[in-house]
Amino acid sequence: MPVETVETHCPYCALQCGMALDSQSQITPLDFPTNRGGLCQKGWTAAELLGSGQRLTTPLVRERRSASFRPVDWDTALEVVSRGMRAAQNDHGPDAVAVFGGGGLTNEKAYQLGKFARTVLRTSSIDYNGRYCMSSAAAAANRAFGIDRGLPFPVIDLAATGAVLLMGGNVAETMPPFMQHLLAVRDRGGALIVADPRRTATVEAATSHLALTPGTDLELALGLLHIAVVDGYVDHRYVADRTAGFDDVWRVATQWWPERVERVTGVPVASQRAAVRALAAGREGRGAVVLTARGAEQHGNGTDTVTGLINLSLALGLPGRPRSGYGCLTGQGNGQGGREHGQKADQLPGYRKIDDPLAREHVAAVWGVHPSALPGPGPSAYELIERIGTGDGPRSLLVHGSNLAVSSPRSGRVVERLGSLDQLVVCDPFMSETAALADVVLPVTQWAEEEGTVTNLEGRVLRRRRAASPPPGVRTDLEVLSGLAARLGHETGFPSDPRAIFDELRRASAGGVADYSGITWERIDTEGGVFWPCRSEHGPGQARLFADGFPTPDGRARFVAVDAGPAAEDVDDEYPVYLTTGRIAQHYQSGTQTRRVPVLAAAASEPRVEMHPDLATSSGVRDGERVRLVSRRGSASGTARVTASIRPDTVFMPFHWGGEQAVNRVTNPALDPTSRMPEFKVCAVRIERESVDVRPHDVRAEFAWEGEMS
Ligand SMILES: Nc1nc2c(c(=O)[nH]1)N[C@H]1C(S)=C(S)[C@@H](COP(=O)(O)OP(=O)(O)OC[C@H]3O[C@@H](n4cnc5c(=O)[nH]c(N)nc54)[C@H](O)[C@@H]3O)O[C@H]1N2
Ligand SMILES: Nc1nc2c(c(=O)[nH]1)N[C@H]1C(S)=C(S)[C@@H](COP(=O)(O)OP(=O)(O)OC[C@H]3O[C@@H](n4cnc5c(=O)[nH]c(N)nc54)[C@H](O)[C@@H]3O)O[C@H]1N2
Ligand code: SF4
Ligand SMILES: [Mo]
């Protein structure tokens, strides 16, 4: 048979590297603007999961409290699910059924999931894992700019700018091909400044490192603004013409003089000054960009922290200037599109607000329902989970595209909450830790086995194309929703053809902030992707934002006054060390996928707890030894990695493993008051040496079912 090749994009992160996949599952990188022929290890090995022996290929049902799953046919499984949903709603009302989505789902799936929740279930209880990811940056960008698109320009602009300040991103591990764009800045003599408590691989490539205490990014942002004002770098003309609210912001920043900021953050005054000087110099030359990633955002004050950095960028006059501005590095494969089409608790498609009467009217008309039939805003992801088992909380939960038992903060509690559901339904290609807790597991297709669109970190809408046949027995998420809708009385309105759904999405988004109405699959093919907003089939998508104003009522960007305070949990005698968490290059998220790729699993088989030699000595810990991190909420175990690349007061542990090795058993679910983002990036722990040897976590040991796993 001749080898056929399909051009598509990687299943994992928001960079959405271009790749060609052939019918023998060989991957070849493509020269797409975000990756320019590069791929990371995860991308190179992505196709290994297509033929994985660990695929789920039949629906599984578990009788209440029984230990093992029983394979059933699809009719039986969907009947069990719809019966459970009906029972929950008959007894406890519409909100008794909740839905949890994911930022890895395609635009079509995210849209259909939101529509299913609002029109079939009529529940307000829907949210998604992007709450753990993008929500703080989104909230801050919305209130400042009136729009939330990760990057306001294509990545090629970034490569051509003169200075970059990256707050809390380790792109050398999280988006390796993205590094070439940052290195281009440095190699042309520009500044690449990285703020991170660790000396990461990204920092190694930078021109300057701001090694701040975890959770002090806002103090640093206020300090940088203070310096910008005092040292004369503010663009007063820009502030007067294009923004509102500067005076209130300055009143707060005046309190954050450099020496005070040095005391709180640990960043020397000279480094603070140099950072502001570099951004101002960039502005006078090719441009200057402030970027945030999860290190700065995943805090109880993440929205204010990003606001503080947006304020800095506005004071310097960056947003709207060529190759300049503020941007956030979107995380998941469809982290951008996933936050636009209505799987968020407070949102309708087109990035519309669910409590806006005009938005409700528009979307209700597309959906063929009365606006009053649409529910209002619901609880955020972690709050939704917390409500399970309480008086009016969810009784049934449908999960598409998240392994929340591993990735949620205080996950011990989350597992307990999930256990108190009447029915947990998980759709996943693999037996994730969350699926292992479910009453019903529905096996779904993976990325290259189906068609769909995703929106990358630039706001560029792309096509994921079908390149492989799914194993017999699995269905797409869209087929699952279609089948459930039919059983719940909605024979029409839930097609399983992604192209038909995209066309409806275009209409639903028309006139919204994230307007896709001018985007067609044909245009995506011929134009190499289309940027949103794109309001007409005959006009281009808008690749660059803000050159002629901001989409706010008066066209001005908003300075929002924010002040800093301590993290939700500080260190003390009992828990004397800061814990911060994040990622390593080999694994993706909760690890459901990458822990099943042999080369990745072999390269990083367990979590390593990074600690400074001084801390290791004072804790009596040797490199390579088993340690346990203990917080007020629980403990997690890993292997000590003693390294001078981290602050002596802080340990770092990645979150890619489940069971005893899940760092989220330890993390603090303190939520940002605006975005409801959990404080993943700082809490207080103590380090204990582990006397007994713990075997590496094996997900297969956690559950049993009557099929064969490998
Ligand atoms: N290999 C890999 N790549 C991925 C993913 C993955 O799971 N694995 N996930 C994708 C997704 S969904 C996302 S959201 C992105 C995330 O991409 P990143 O934001 O780059 O990833 P993280 O490792 O979570 O955090 C980045 C850095 O923040 C630092 N940090 C910790 N606390 C603080 C703090 O208080 N302040 C500051 N300034 N920095 C701090 C950490 O030391 C870490 O180096 O990656 C995407 N790419
Ligand atoms: N401590 C700590 N915790 C964190 C973070 C951190 O930095 N530190 N980061 C947070 C962030 S930024 C994120 S994004 C979350 C992510 O955490 P999760 O939401 O757990 O993300 P994944 O591990 O990607 O889980 C996706 C699941 O969906 C499955 N899947 C993949 N594609 C599909 C599909 O098309 N359909 C369906 N139905 N299933 C699919 C996968 O097999 C996997 O089981 O974790 C958060 N948790
Ligand atoms: S950087 Fe992201 S999109 Fe690119 S190959 Fe790696 S995981 Fe895939
Ligand atoms: Mo994320």
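Throughout, residue positions are numbered sequentially from 1 according to the sequence presented. Indexing begins at 1, ligand by ligand and atom by atom, following the structure's order.
Proximity of a side-chain donor or acceptor of R596 to a complementary backbone N or O of T592 within less than 3.5 Å is detected. Not one N or O on the side chain of N664 forms a donor-acceptor pair closer than 3.5 Å with the backbone of T667. Judged by distance alone, with hydrogens and angles left aside, the side-chain atoms of N334 form a donor-acceptor pair with the main-chain N or O of L105 at under 3.5 Å. With hydrogens and angles disregarded, no donor-acceptor distance shorter than 3.5 Å links the side chain of S482 to the backbone of E479. A donor-acceptor pair is defined here as one N or O able to donate and one able to accept, closer than 3.5 Å; such a pair exists between the side chain of Q336 and the backbone of G150. No donor-acceptor pair closer than 3.5 Å links the side chain of T580 to the backbone N or O of V682. A distance-only check finds a donor-acceptor pair linking the side chain of T434 to the backbone of A405 [under 3.5 Å]. S411 places a side-chain N or O within 3.5 Å of a backbone atom of R665 that can act as its donor or acceptor partner.
Checked against a 3.5 angstrom limit, the closest N/O atoms of M175 and ligand 1 fall outside it. Below 3.5 Å of separation, one finds no N or O of G331 facing any N or O of ligand 1. By the 3.5 Å distance cut-off applied to N or O atoms, K42 is counted among the residues near ligand 1. Considering backbone and side-chain N/O of T216, none are found under 3.5 Å from N/O of ligand 1. Residue N170 has at least one N or O atom closer than 3.5 Å to an N or O atom of ligand 1.
Contact annotation: Q446 has no heavy atom less than 4.0 Å from any atom of ligand 2. Under a 4.0 Å heavy-atom criterion, G104 is not in contact with ligand 2. Within the structure, the closest approach of V406 to ligand 2 does not fall below 4.0 Å when heavy atoms are considered. Proximity of K109 to ligand 2 is established by a heavy-atom distance of less than 4.0 Å.
The ligand atoms of ligand 2 that sit less than 4.0 angstrom from a heavy atom of C427 are 37 (C), 38 (N), 39 (N). Atoms of ligand 2 lying under 4.0 Å from any heavy atom of Y132, numbered from 1 in the order shown and given with element: 10 (C), 11 (C), 12 (S), 46 (C). Near C13, meaning under 4.0 Å from any of its heavy atoms, are these atoms of ligand 1: 46 (C), 47 (N). Against a heavy-atom cut-off of under 4.0 Å, H299 is close to the following atoms of ligand 1: 34 (C), 35 (O). Below 4.0 Å from some heavy atom of T200 lie the following atoms of ligand 1, by number and element: 44 (O). The atoms of ligand 1 that sit less than 4.0 Å from any heavy atom of A293 are 19 (O). Near S432, with a cut-off below 4.0 Å to any heavy atom, the atoms of ligand 2 are 44 (O). Remark: ligand 1 atoms within the under-4.0 Å shell around heavy atoms of H587 are 1 (N), 2 (C), 6 (C), 7 (O), 8 (N). Near A585, meaning under 4.0 Å from one of its heavy atoms, ligand 1 places the atoms 1 (N). Set against the non-hydrogen atoms of C133, the atoms of ligand 2 under 4.0 Å away are 12 (S), 14 (S). Annotation for ligand 2: atoms under 4.0 Å from non-hydrogen atoms of Q332 are 14 (S). For ligand 1 and D217, the ligand atoms under 4.0 Å from any heavy atom of the residue are 34 (C), 35 (O), 36 (N), 37 (C), 38 (N). Counting atoms of ligand 2 from 1 in the listed order, those under 4.0 Å from a heavy atom of N129 are 18 (P), 19 (O), 21 (O). Near A195, meaning under 4.0 Å from one of its heavy atoms, ligand 1 places the atoms 37 (C), 38 (N), 39 (N).
Under the 3.5 Å distance criterion, with hydrogens and angles disregarded, a donor-acceptor pair is assigned to the side chains of Q332 and N129. No side-chain donor from either of Y128 and S402 sits under 3.5 Å from a side-chain acceptor of the other. Donor-acceptor pairing under 3.5 Å is lacking for the side chains of N668 and S631. Checked by atom type, the side-chain pair T445/E450 shows a donor-acceptor distance below 3.5 Å. Side chains of T305 and D217: a donor-acceptor N/O pair is absent below 3.5 angstrom, by distance only.
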### Task
Apply side chain to side chain donor-acceptor pair (under 3.5 Å) to R647 and T213, showing your working.
CA-CA 8 Å; R647 292 173 54 102; T213 310; 3.0 Å; yes
### Message
side chain to side chain donor-acceptor pair (under 3.5 Å), that's the test. Do S380 and E383 meet it? Break it down for me.
### Response
CA-CA 5 Å; S380 74; E383 292 166 295; 2.4 Å; yes
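Nearest to atom 47 (N) of ligand 2 by heavy-atom distance, out of S408, A435, S407, is S407. Atom 4 (C) of ligand 1 has its nearest heavy-atom neighbour, among T174, L212, L579, in T174. Ranked by closest heavy atom to atom 24 (O) of ligand 1, the top entry among H656, R294, R583 is R583. For atom 22 (P) of ligand 2, the nearest non-hydrogen atom from the set Q589, M134, R131, Q593 comes from Q589. Residue P197 holds the heavy atom nearest to atom 30 (N) of ligand 1 of all those in P197, G168, A296. Compare V444, D428, T581 by their heavy atoms: the one nearest to atom 43 (C) of ligand 2 is in D428.
The structure places NZ of K109 at 7.0 Å from OG1 of T476, a figure rounded to the nearest 0.5 Å. Rounding to the nearest 0.5 angstrom, the gap separating the CZ atom in F494 from the CG atom in L478 is 11.0 Å.
Protein heavy atom in closest approach to atom 31 (C) of ligand 1: T580 OG1, 2.9 Å. Of the protein's heavy atoms, N664 OD1, 2.8 Å lies nearest to atom 1 (N) of ligand 2. Nearest to atom 26 (C) of ligand 2 among the protein's heavy atoms is G401 O, 3.5 Å. Ranking protein heavy atoms by distance to atom 34 (C) of ligand 2, first place goes to D477 OD2, 3.6 Å. Summary of contacts: the protein heavy atom closest to atom 23 (O) of ligand 2 is S590 OG, 2.5 Å. Atom 7 (O) of ligand 2 has its closest protein heavy atom at K681 NZ, 2.9 Å.
R628 and E660 are joined by a salt bridge, as a carboxylate oxygen and a charged side-chain nitrogen come within less than 4.0 angstrom of each other. Classification of R413 and E386 as a salt-bridged pair holds, one side-chain N sitting under 4.0 Å from a carboxylate O. Between E451 and R463, at least one side-chain nitrogen of the basic residue sits less than 4.0 Å from a carboxylate oxygen of the acidic one, meeting the salt-bridge criterion.
The part of P429 lying near ligand 2 is the side chain, judged by heavy-atom distances below 4.0 Å. With a heavy-atom cut-off of 4.0 Å, N403 touches ligand 2 through backbone and side chain alike. Heavy atoms of I584 found under 4.0 angstrom from ligand 1 belong exclusively to the backbone. At a 4.0 Å heavy-atom cut-off, ligand 2 touches L105 through the side chain alone.
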